[in-house]
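First up is the structure itself, then whatever we jot down about it.
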Amino acid sequence: MPAMPELPEVEVTRQSIADPLAGAQIRAVRVGKPLRWPLGVAPQSLAGLRIGDARRRGKYIWLPLQRAAHDAGGLLLHLGMSGSLGFHAAVAGDALAARPGPHDHFDLLCDRGLLRLTDPRRFGAVVWSEGLAQEPAASLLARLGVEPFDPRFDGAWLHQGFKGRSVAVKQALLAGDIVVGAGNIYACEALFLAGIDPRLPAGSVSRPRCERLAAAVRDVLGRAVQAGGTTLRDFRDGHGIAGSYQMQVMVYGREGEPCHRCGTGKIRRIVQGQRATYFCSHCQKR
DNA sequence: CTGGGCTCCTGTCAGC
DNA sequence: TGCTGACAGGAGCCCA
């Protein structure tokens, strides 16, 4: 079942698995069908390693591993378009591990239970790396923009990042090389909150509007994390709990419906870079 | 360097 | 009921 996670869904997932996994010892690893990239290490060689505190960078989750209290690399996970992680405590986890479903492509069986990646489309990935500074982790993270809650991220940062770029501001936000985390839903939502037409060339967005947009990005992503993510179809965190940010969505997926703010305009749907964009042409100006 | 398009893969849903 | 095509929350990669 698709999950389609953006930063809030990844963060909520991370939070839900961090405590159960911290300090757990790996007993066995099972890989299913190929994901986006190969694991890069023999699965059984991870047995005996202890899991540290799960971290997040952009839409990646980093699981640090230790052997005898010494850093021993880790696993970089990405959920792609349809991935979700589930944690199943000891007894249930053992039973589940014995009979994986057709879309369960990575199992980390540890003494505390089972961490399972379910990913029908297999755009997700689990990649072994000696450390965040080592290949392949470093190359996957190298081009990522700043975190939205990093103090460096503000209107000036956006304005500088947009400078000289002719792509539409929606696509520049989505690209993730200026600021990470805003995927298709939250990029649309942030542009709505900031009152900016998604078709505007990024480089032509004024400094004051960049200030509003930066605030909107932080606001939308922060509130989405607080709400446990967006469950439009079936996103669940590591314990199977759905999010509720869909209750606050203003434009995404609302083509033809009246704008929640102005009431008069209808929400429009256009395509930018093969991705759908939703906006209110009355509230969002050029 | 930038921009644009393609690609990986499977499931679901609308329309005929 | 069954088939077909569009579409899906990502993002790396290749080429002009």
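Letters A, B, ... are given to chains in the order of the sequence lines, protein chains preceding strands, and every chain is numbered from 1. Any value given below was found using the heavy atoms of this structure, including those in side chains, with hydrogens, waters and symmetry copies removed.
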Dot-bracket, 5' to 3', for DNA chain C please: Watson-Crick or G-U pairs under 3.5 Å, [ ] where pairs cross earlier ones, | where the partner sits on another strand, dots elsewhere.
.|||||||.|||||||
Side-chain ion pair, A:Lys266 and A:Glu255, N-O less than 4.0 Å
no
Can you list the residues that meet the salt bridge (charged side-chain N to carboxylate O under 4.0 Å, His left out) rule with A:Arg30, with sequence neighbours excluded?
A:Asp107
Close side-chain approach of A:Arg218 to A:Phe153, heavy-atom, < 4.5 Å:
yes
For C:dG10, take OP1 and OP2 only and decide whether either is under 4.0 Å from a side-chain N or O of A:Arg275.
yes
Using a 4.0 Å heavy-atom cut-off across all strands, classify A:Leu79 as base, sugar-phosphate, or nothing.
nothing
Looking at B:dG11, I'd like to know if its phosphate oxygens (OP1 or OP2) sit under 4.0 Å from a side-chain N or O belonging to A:His103.
yes
Quick one, which residues of residues 160-176 of chain A touch DNA chain B with a heavy atom under 4.0 Å?
A:Arg165, A:Ser166, A:Val167
Spacing of A:Arg121 atom CZ relative to C:dA8 atom P, expressed in whole Å:
10 Å
Nearest whole Å is fine: how far is C:dA11 C1' from A:Leu77 CG?
16 Å
Members of residues 188-202 of chain A that approach DNA chain B, where some heavy atom sits under 4.0 Å away:
none
For nucleotides C:dC3 and B:dC9, find the distance between their P atoms and express it as a whole number of Å.
24 Å
Can you measure A:Lys33 atom NZ to B:dC8 atom P for me and round it to whole angstrom units?
15 Å
Ring pair (Phe, Tyr, Trp, His ring centres under 6.0 Å) against A:His105, all qualifying residues, sequence neighbours excluded
none
Considering every strand and a 4.0 Å limit on heavy-atom distances, what is the contact class for A:Tyr252: base, sugar-phosphate, or nothing?
sugar-phosphate
Flag the pair A:Thr230 / A:Pro8 as yes when at least one side-chain heavy-atom distance between them is below 4.5 Å, and no otherwise.
no
Proximal nucleotide (of C:dG9, C:dC7, B:dC8) relative to the A:Arg269 side chain
C:dC7
Quick one: A:Met81 CE to C:dC7 C1', roughly how many Å, whole number?
9 Å
Residues passing the salt bridge (charged side-chain N to carboxylate O under 4.0 Å, His left out) test with A:Arg223, sequence neighbours excluded, are A:Asp219
Checking side-chain polar atoms at under 3.5 Å, does A:Glu9 have a donor or acceptor matched by the opposite partner on A:Tyr186?
yes
For A:Gln15, side-chain hydrogen bond (donor to acceptor under 3.5 Å, both in side chains) partners two or more places apart
A:Glu11
Is any N or O donor-acceptor pair between the side chain of A:Arg122 and the base of B:dC9 shorter than 3.5 Å?
no
A:Leu76 side chain near A:Leu141 side chain, heavy-atom distance below 4.5 Å
yes
Applied to residues 263-286 of chain A, the ring pair (Phe, Tyr, Trp, His ring centres under 6.0 Å) test, sequence neighbours excluded, yields A:Tyr252-A:Tyr278
In this structure, how many angstroms lie between the P atom of C:dA11 and the CG atom of A:Leu141, rounded?
11 Å
Spacing of A:Tyr186 atom OH relative to C:dG9 atom C1', expressed in whole Å:
8 Å
Residues passing the salt bridge (charged side-chain N to carboxylate O under 4.0 Å, His left out) test with A:Arg209, sequence neighbours excluded, are none
Polar side chain donor-acceptor pair, A:Asp237 to A:Thr13, under 3.5 angstrom:
no
Tell me whether the ring of A:Phe123 lies stacked over the B:dC9 base, given a 5.5 Å limit on centroids and a 30° limit on the plane angle.
no
Using atom names, set out every protein N or O paired with an N or O of nucleotides 12-16 of chain C below 3.5 Å, distance rounded to 0.1 Å.
| residue | atom | partner | partner atom | Å |
| --- | --- | --- | --- | --- |
| C:dG12 | OP1 | A:Tyr60 | OH | 3.0 |
| C:dG12 | O4' | A:Arg36 | NH2 | 2.6 |

Side chain of A:Gln274 - closest among B:dT10, B:dC6, C:dG9
B:dC6
Residue pairs passing the salt bridge (charged side-chain N to carboxylate O under 4.0 Å, His left out) test with at least one member in residues 159-169 of chain A, sequence neighbours excluded, are A:Arg165-A:Asp177
A:Asp53 atom CG, over 12 foreign heavy atoms within 6.0 Å
no
Under the salt bridge (charged side-chain N to carboxylate O under 4.0 Å, His left out) test, residues paired with A:Arg99 that sit two or more places apart:
none
Round to a whole Å and report the spacing from CZ of A:Phe235 to C1' of B:dG11.
19 Å
What's the CE-P distance between A:Met4 and C:dA11, to the nearest Å?
13 Å
